[in-house]
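Each remark here refers to the structure printed beneath this line.
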Amino acid sequence: MCGNLGLLLVGDEIKQPHEALHAMAQVVSMRGAQSYGFVASTGGKMLVHKAVLPKRADIASRLARAFRRRVDVRKRPLLVSAHLRFATSSRSLSREAHPHSWLGATPASAPLEAEKPGARTTRLVVVTHNGDFEGLDVGACLGTNAPPMALDALRGWLAPRLGAAAPCAADSCAFAGALDLLFAAGDVHAAARLA
């Protein structure tokens with residue numbers, strides 16, 4: 001069991017976003033209280049923060065404090081996705097906390113419908129996920145005859161294709177790697193880089 005929460009601010013509708021996150025985290029904390037993490041995106045910048053909770057600490061207060069210290073809330077739009085975790089698929093370590101990314105920021109091509117088609121940009125797949133990601137039907141996703149793969153086999157299959165080992169053992173990290181690969185399938189430059 002884990003808990004997800006999010007915040008999207010376009011204007012000044014919430015003056016103290018850390019207080020809103022604190023209130024949401026207090027409710028969601030019954031679903032996960034061993035570690036937390038968030039990704040905040042504003043003004044073209046993205047920040048990821050992860051932490052394991054010390055014994056008997058209040059996860060809502062820790063999350064709100066870290067957010068207040070690390071995120072410039074004056075910029076809009078502000079998008080925040082946070083995750084409170086009970087370790088079910090891996091150990092309760094900072095690197096296992098959500099959000100997860102396999103490749104991190106990677107060069108990509110702007111979509112054809114973008115203002116400048118073909119322009120270079122950066123893509124970052126970041127996942128917060130609730131539930132168990134136990135495998136993937138790779139053939140169905142990529143239009144090939146590859147068989148469905150359980151989680152461990154999928155990690156092993158993704159590593160050489162993405163050019164990097166999984167950064168951690170959490171199932172959501174494999175989910176992020178699968179998304180990295182699927183996004184590359186629609187981006188000729190990313191696909192060539194991974195080839």
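Computed from a prediction, not measured in an experiment: that's the story for all the values here.
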_Parallel, tilted or perpendicular: which one describes the rings of Tyr36 and His49, with boundaries at 30° and 60°?_
tilted
*Verify, without hydrogens or angle tests, whether Lys50 (side chain) and Phe38 (backbone) share a donor-acceptor contact under 3.5 angstrom.*
no
*asked:* Measuring only between side-chain heavy atoms, which start at C-beta, is Leu78 closer than 4.5 Å to Val71?
replied: yes
_Is there a side-chain contact between His83 and Ser172 in this structure, where contact means two heavy atoms from C-beta onward sitting under 4.5 Å apart?_
no
*asked:* If I compare all heavy atoms of Val73 with all of Phe67, which pair ends up nearest, and what's the gap?
replied: CG1-CE2, 3.6 Å
*Roughly how far apart are Asp58 CG and Gln26 CD, rounded to 0.5 Å?*
6.5 Å
*Measure the spacing between CE of Met46 and CG of Leu124 and express it to the nearest 0.5 Å.*
5.0 Å
*Establish whether Val52 and Val39 are linked, either directly or via other cluster members, by ILVMFWY side-chain heavy-atom contacts under 4.5 Å.*
no
_Validation row: Phe175, Leu136 side chains within 4.5 angstrom (heavy atoms)_ = no
*Would you check if Val138 and Leu154 make a side-chain contact, meaning some heavy-atom pair closer than 4.5 Å?*
yes
*Closest non-hydrogen atom pair, Pro99 against Val126*: CB-CG1, 3.2 Å
*Go through the steps to decide whether Leu179 and Val127 satisfy the test side-chain contact (heavy atoms from CB on, under 4.5 Å), and finish with yes or no.*
CA-CA 9 Å; Leu179 289 175; Val127 172; 3.8 Å; yes
*Output yes when a side-chain donor or acceptor of Lys75 lies under 3.5 Å from a complementary backbone atom of Thr42, and no otherwise.*
no
_For the NE2 atom of His22 and the CZ atom of Arg68, what is their distance to the nearest 0.5 Å?_
9.5 Å
*Flag side-chain contact, heavy atom, 4.5 Å: Leu47 against Arg70*: yes
_side-chain contact (heavy atoms from CB on, under 4.5 Å) between Leu158 and Leu181, worked out_ = CA-CA 8 Å; Leu158 283 169; Leu181 190 67; 4.0 Å; yes
_Minimum heavy-atom separation for Ala174 and Arg155, please, with both atom names._
CB-CG, 4.2 Å
_Nearest non-hydrogen partners of Gly177 and Leu162, listed with the distance_ = O-CD1, 3.6 Å
*For the residue pair Asp137 and Ala146, what are the closest heavy atoms and their distance?*
OD1-O, 4.3 Å
Listed pairs under 3.5 Å, donor-acceptor, residues 2-16 side chains, sequence neighbours left out:
unit_1, atom_1, unit_2, atom_2, d
Asn4, OD1, Thr128, OG1, 3.3
Glu13, OE1, Gly11, N, 3.1
Glu13, OE2, Val10, N, 3.0
Glu13, OE2, Gly11, N, 3.4
Lys15, NZ, Asp12, O, 3.4

*asked:* Rounded at 0.5 Å granularity, tell me how far CG in Leu63 sits from CE in Met24.
replied: 8.5 Å
*Same hydrophobic cluster for Trp102 and Leu151, using side-chain heavy-atom links shorter than 4.5 Å among ILVMFWY?*
yes
*If only atom types and distance count, is the side chain of Arg62 paired as donor or acceptor with the main-chain N or O of Ala51 below 3.5 Å?*
no
_ILVMFWY cluster, Trp157 and Val125 together (side-chain gap under 4.5 Å)_ = yes
*asked:* For residues Phe133 and Leu103: do they belong to one hydrophobic cluster (side chain heavy atoms under 4.5 Å, members Ile, Leu, Val, Met, Phe, Trp, Tyr)?
replied: yes
_Atom of Gly104, atom of Ser101 and distance for their closest heavy-atom approach_ = N-OG, 3.0 Å
